[in-house]
Structures are given as C-alpha cells and as structure tokens.
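The structure under discussion appears below in the form of structure tokens.
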Amino acid sequence: MSRVKVKAVLGLKPESQEITVKGWVRTFRNNQFIALNDGSTNNNLQVVVELGLLDETTLKRITTGAAISAKGTLIASLGKGQSVELVAKSIEILGDSDAEKYPLQPKKHSLEFLREIAHLRFRTNTFGAVFRIRHSLAYAVHKFFHEKGFVYLHTPIITASDAEGAGETFAVTNFDLNNIPKNDKGEIDFKQDFFGKHTNLTVSGQLEGELAAMAFGDIYTFGPTFRAENSNTTRHLAEFWMIEPEMAFYDLNDNMDLAEELLHYVINYALENNKEDIDFLTQRLLEEEKQKPQNERSEMNLLEKLQFCVNNKFERVTYTEAIAILKDSNHNKKKKFQYLVNEWGVDLQSEHERYLVEKHFNKPVILTDYPKNIKAFYMRQNDDGKTVRAMDILFPGIGEIVGGSQREERLEKLETRMKEMNIPVEELSWYLDTRRFGACEHAGFGLGFERLVLFVTGMTNIRDVIPFPRTPNNCEF
RNA sequence: UCCUUCUUAGCUCAGCUGGUUAGAGCACGUGACUGUUAAUCACGGGGUCCCUGGUUCGAGCCCAGGAGAAGGAGCCA
C-alpha cells in the first residue's frame, strides 16, 4: 500500500478504507490527536491515536516537527473541526524532532523571527500558503504565454553589457581578489579575466529578448535578475525574478492589453487553484487588521481585492493627465504631499503613485507617455518631442509592478538618443542590428514576479515571498 | 545611502519618576485528565536586560559610541 497525500485524503469519502499517510506533526493534543501536515495543502489531517495503541516511549516521540508515517482507517470524524480523520493502527516515527530545540511552536510567530529561520518557515501555515501560491503563479505565467504561442527564451545570467541602464551590477570574475592584474596604465586588466572582459550578472534580459522577438515574433523570459542597489525597502531584492515578454508588431496599446490580460489570467489562476491558501491568507490579514485603528483598515479583504482586480479594467492615463490630477488634488492644495506637484517633467514620487492608485482611481492604474528625460534610451519617442511611449502599471500597496514600453525601432532616432544619454553605441552594435535588418514596431515589459506574489498573497514584505531573500548585508542559507 | 523607531527568558511582550531578589503569557519538563481543535489544570526549570564605555551611592531605565532589526524615503521590478 502506497502513501496518499493529505490533500487527496481530505477529498475522499470515508469508508473505513485503509490508508497510509506521511508528514510532519503540527500539534499533538491530548496524547491522542495528531494534526498532520505534508505540505500538499494548508489543511491538516487529524490522526487519532487510541489509548493503548503505542507505548509510552513512542508516544513521547510524537512531537511538533517530527516526521511520521501513520497507517489506519479513514472514518467520518467524531469531532467537529474536520470532516474525516484517520484512526491509526500503527505509527512509525521517521524522524525525531527535539521539542526543546525545535524553534517552531504551535503558536503565532513574528514574520521577522521566521525570516531568521527561513530554512524552517516553509513548515508554517503562512509560508506554506505563500509558496504554494508562488508556484501556481509561476506555472500560470508559463501556461499563459505557451497558450498564446510565445517562445520561452533563456537569456544569459552573465552578461558583458554594462549599458542596460537598469542600475548597479554585480561583477562576475575569477580573479584572485588579493592579486588583481593591472595593465600599464594601472587599470584592472580584464583581458586576463575568465571572459577576457569585464562581466556582470544580468540586470534585465530585455535587450537579448528583443533580438529573439525579431525572429519568433513573441517571446518571454522568466528568470533571476540581479541588482546591486543598496535598497532597504519592503519592495526590493538584490536577486529577484522577472518576466519579460517582447513582441514584434506590437504598439504600446497592444503591450498594455497583453500586460493586463496576463495579470488578470495569473491572478485568476491562483483564485481558482489556491482557494484554501488564499482563504487562509485573507483570514490572517483580517486578524492582523484588527490590531489597527478603524481608519487604517482596508475596505476590501484580500479575496475581494483579488476578485476586484480580475473583474475590472485597469485605468489608463497619460503622465500629463496624471500630473494635472495630482496638481488639482486637495491633497496637493492642502500641502499634504511631502513633495508638492507643480511642474510637468518631474518624476512621480511613491506618495503620488499611491494617491492615484489608492485614493483617486481606487484600482490598478497604467500610466503612459512619460517625459523622455526620466526614462530609458530604448523607448519610442513621441512626435511631441518630449515624451516617450512608456507604460508603468501601478498596483495598490505595491506601486510599480510592471514597467514597459514600445521600443524605438528607428535607427537614427535611437542612435541620437543613445549619444545624448552617453550610452556606448559601438558596444551595443549587436542590439542596433535589429534596427538595421528588418526593423519593425515592437514592444515589451518587465513584470516583477515577487511583487506579483506580494499582491496575490497580501504579504507586505518582499522578503517573505521569496524562499531565501538576498538583500544588502544578508545572504543567509 | 538618508530619516524615524526598536533590541529584556526559546517566542511574543510588560517593567512606573533611576532604588532591594527583573515579571507575564506561550513554549519546554514533570504530574493529572482523556474526543481534543494553538486542549485544559497543577507544579517546575529557564535571564550576558544587544555590545563597549560613561554619569550616579545606585542603571534594564540617563548620556556617548558601535552592532543588528523594522518602517519610511530615494533607486526600481
């Protein structure tokens, strides 16, 4: 007889059938009731140990965290908290867990504490739910693109281009750091390094993605990305996962449509496939909100927020319109913003984005057509000479979740812009070839995967939605 | 990197205006009970009050420096 997973067991009709389950003990109540979890679902299976079944020594080894195998018959539960339960005929301790030393207790722990024991936090209800949802979202991303005929492209992790313009990079080298070779001028001699040049971890797969889009039409990447920014916030990681689709023959509107469809699709997938986990996290958030004063509590709970997001179109406004809204807002007039909005051309601060999303529109917002001076070199220039075809999707509680644009496909305009922004044109000659040979209208965006997981799980710190977070001064596990 | 706050038992926290032997709940151990739902009841063990220095008759509490953490800002996804 083989092992049945708890999720399957909980869906069975109890007919006194004989079943074997294996998992980890969450609690052992009354020397009689084991709450057994095997990670297949957030719910536990109650295993009943009848009096006299086990000797005292074995009984004592059923502790929180221990791995056990239980064989018994499945019956309709005699208690109230669950529909079925397993009456054990035999129990084997597979792995002991010293109750005095095991850090997880059947009680509420702080997220900060659990972050310090990230190797064990998977075994809690909250992180179980979070990482099952993370899996579902990743799967849904692949499913969405596959069904649309996109090619999943693996862009390199190690790159030589320092010109992607997306922040500080981590250098990759196999130099002996105590004895770095120098050239005649006293500069580091990268010719002697492994790749014969200066290399770093990728900050974005976009430029390589564009190359493939010029052959397959529609591609996407989904991989890790590295930024050496000294950012200490609840929304930034030094190592994070990003989804970057790139589509030929797409303009900015097509790009926005795709991004919105993707977000609706994957959130809906989680709603349909992770109902129990989302219900648990919704409940968890409600408990947490009870601690807050009335006016700080959110109007919608997590489940309602996700449903609202799936069932409503995102608001689309241009940067220029957004500035006008902010300028005219009571918030601005009453000087409630730390940074007052008074002129066109400035970048929006977090507080402004939050105002638009959480106060003014009260739904996800897509901002388009930003001033060219605050955006990257590859974005397509508008005829007005001052804005570019950029789009950012802003989510409540998260801020920017997607950043994208229609790309500048006109070689001359692109080269001029690169020179203006001091981007080394020669180094990116391979990139410019897409504009030299068969250039066409195209667009793409980057979706921060952890920010998506944040939104769907209702967690508030990005370090709690990636298994082992890498942040400044922290690279544990 | 900047600003603010925090650091007391394994965990979550209390500790009054600087005053005697630093407390609670949970966890853990022992015992009781045995259809429990983070079981309950009784008893018990458990402390470098983050570190270093200073002020004081006396510091968990005040001052200075350092370390770590959290939240916010900037950068961005």
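No experiment lies behind these values; they were computed from the predicted model shown. Residue numbers begin at 1 in each chain, while the letters A, B, ... track the order of the sequences.
- With rounding to whole Å, Phe28(A) atom CZ is found 14 Å from U37(B) atom C1'.
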Just the dot-bracket of RNA chain B, please: which string comes out with Watson-Crick or G-U pairs under 3.5 Å, [ ] for crossing, | for another strand? (((((((..((((.....[...)))).(((((.......))))).....(((((..]....))))))))))))....
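- The C1' atoms of A27(B) and G44(B) are separated by 14 Å, rounded to the nearest whole Å.
- No contact: Glu244(A) has no heavy atom under 4.0 Å from any strand.
- Among the heavy atoms of the strands lying under 4.0 Å from Leu78(A) is at least one base atom, whether or not backbone atoms are also near.
- Between Lys375(A) and Asp392(A) there is a salt bridge, with a side-chain nitrogen of the basic residue lying less than 4.0 Å from a carboxylate oxygen of the acidic one.
- Closest contact between the side chain of Glu112(A) and the listed nucleotides A70(B), G35(B), C11(B) involves A70(B).
- Lys80(A) comes within 4.0 angstrom of a nucleotide base, judged by non-hydrogen atoms across all strands.
- Checked for salt-bridge contact, Lys5(A) and Asp38(A) miss the test: no charged N lies under 4.0 Å from a carboxylate O.
- Comparing A64(B) with A42(B), their C1' atoms are spaced 49 Å from each other, to the whole Å.
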Check the pair Arg316(A), Glu260(A) against side-chain contact (heavy atoms from CB on, under 4.5 Å), reporting the backbone distance first and the verdict last. CA-CA 11 Å; Arg316(A) 298 184 185 189; Glu260(A) 190 167 340; 3.1 Å; yes
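- Residue Glu353(A) comes nearest to Glu400(A) through the heavy atom pair OE1-N, 4.3 Å, listed as atom of the first residue, atom of the second, then distance.
- Between the base of G35(B) and the side chain of Glu50(A) there is no donor-acceptor pair shorter than 3.5 Å.
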Would you tabulate the nitrogen or oxygen pairs shorter than 3.5 Å linking the protein to nucleotides 72-75 of chain B?
from, atom 1, to, atom 2, distance (Å)
G72(B), OP2, Thr234(A), OG1, 3.3
A73(B), OP1, Arg354(A), NH1, 3.1
G74(B), OP1, Gln349(A), OE1, 2.5
G74(B), OP1, Ser350(A), N, 3.3
G74(B), OP2, Ser350(A), OG, 2.7
G74(B), N2, Asn230(A), O, 3.2
C75(B), O2, Ser231(A), OG, 2.6
C75(B), N3, His236(A), NE2, 3.0
C75(B), N4, Arg235(A), NH2, 3.4
C75(B), N4, His236(A), ND1, 3.3
C75(B), N4, His236(A), NE2, 3.1

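- Relative orientation of the Phe337(A) and Tyr355(A) rings is perpendicular, given thresholds of 30° and 60° on the angle between their planes.
- Nucleotides U52(B) and A70(B), compared at atom P, are 24 Å apart to the nearest Å.
- A sub-4.0 Å separation between OP1 or OP2 of U12(B) and a side-chain N or O of Ser110(A) is present.
- For Ile462(A), the side-chain atoms get nearest to A77(B) when compared with the rest of A77(B), C33(B), A38(B).
- For Gln82(A) against U36(B), a side-chain N or O and a base N or O form a donor-acceptor pair under 3.5 Å.
- Considering all non-hydrogen atoms of both residues, Asn125(A) and Asn42(A) come closest at O-OD1, 3.2 Å.
- Partners of Phe308(A) according to the side-chain contact (heavy atoms from CB on, under 4.5 Å) rule, which considers only residues two or more places apart in sequence or in another chain, are Met300(A), Asn312(A), Lys363(A).
- Both tests do not hold together for Lys327(A) against Trp344(A): distance to the six-membered ring centre under 6.0 Å, angle to the ring axis within 45°.
- Side-chain contact of Glu210(A) with Tyr431(A): a donor-acceptor pair under 3.5 Å is present, judged by distance alone.
- Rounded to whole Å, atom C1' of A77(B) lies 16 Å from atom CD of Glu168(A).
- Salt bridge present: Glu261(A) and Lys148(A) bring a charged side-chain N and a carboxylate O closer than 4.0 Å.
- Ion pairing of Glu116(A) with Arg121(A) is absent here, as no side-chain N (NZ or NE/NH1/NH2) approaches a carboxylate O to less than 4.0 Å.
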Pick out the pairs of N or O atoms, protein on one side and nucleotides 27-29 of chain B on the other, that lie under 3.5 Å.
from, atom 1, to, atom 2, distance (Å)
A27(B), O4', Gln105(A), OE1, 3.4

Stepwise ring-ring contact (aromatic ring centres under 6.0 Å, His included) test for Phe477(A) and His119(A): CA-CA 7 Å; Phe477(A) 309 105; His119(A) 57 306; 5.1 Å; yes
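- Looking at residues 125-143 of chain A, you'll see that no heavy atom sits under 4.0 Å from any atom of RNA chain B.
- Between Phe240(A) and A77(B), a base-stacking contact is recorded: ring centres under 5.5 Å apart, planes less than 30° from parallel.
- With sequence neighbours excluded, the residues that form a side-chain contact (heavy atoms from CB on, under 4.5 Å) with Ala322(A) are Leu356(A), Leu367(A).
- Contacts of Gly446(A) with the nucleic acid, taken as non-hydrogen atoms under 4.0 Å apart, involve only primed sugar atoms and P, OP1 or OP2.
- Here the C1' atom of nucleotide G35(B) and the CD atom of Gln32(A) are 6 Å apart, to the nearest Å.
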Output, in order, the C-alpha distance, side-chain angles, deciding distance and verdict of ring-ring contact (aromatic ring centres under 6.0 Å, His included) for Phe170(A) and Phe226(A). CA-CA 7 Å; Phe170(A) 288 100; Phe226(A) 309 87; 7.0 Å; no
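- Between G19(B) and U36(B), the distance separating the two P atoms is 48 Å to the nearest Å.
- With C1' as the reference atom, G60(B) and U20(B) are 15 Å apart, rounded to whole Å.
- The residues Arg284(A) and Glu287(A) are annotated as not salt-bridged, no charged nitrogen and carboxylate oxygen being separated by less than 4.0 angstrom.
- Between A9(B) and C33(B), the distance separating the two P atoms is 36 Å to the nearest Å.
- Arg235(A) and Glu450(A) are not joined by a salt bridge, as no carboxylate oxygen comes within less than 4.0 angstrom of a charged side-chain nitrogen.
- When heavy atoms are screened at a 4.0 angstrom cut-off, Leu237(A) is found touching base atoms of the nucleic acid.
- Not one side-chain nitrogen or oxygen of Arg26(A) sits closer than 4.0 Å to the OP1 or OP2 atom of U37(B).
- Rounded to whole Å, the separation between the P atoms of A59(B) and G53(B) comes to 14 Å.
- One atom, OH of Tyr370(A), and another, P of C76(B), lie 11 Å apart when rounded to the nearest Å.
- Nucleotide U37(B) holds its C1' atom 15 Å from the CG atom of Leu36(A), rounded to whole Å.
- Nucleotides G29(B) and G10(B), compared at atom P, are 16 Å apart to the nearest Å.
- The shortest distance between the side-chain N/O atoms of Arg29(A) and the OP1/OP2 oxygens of U36(B) is not below 4.0 Å.
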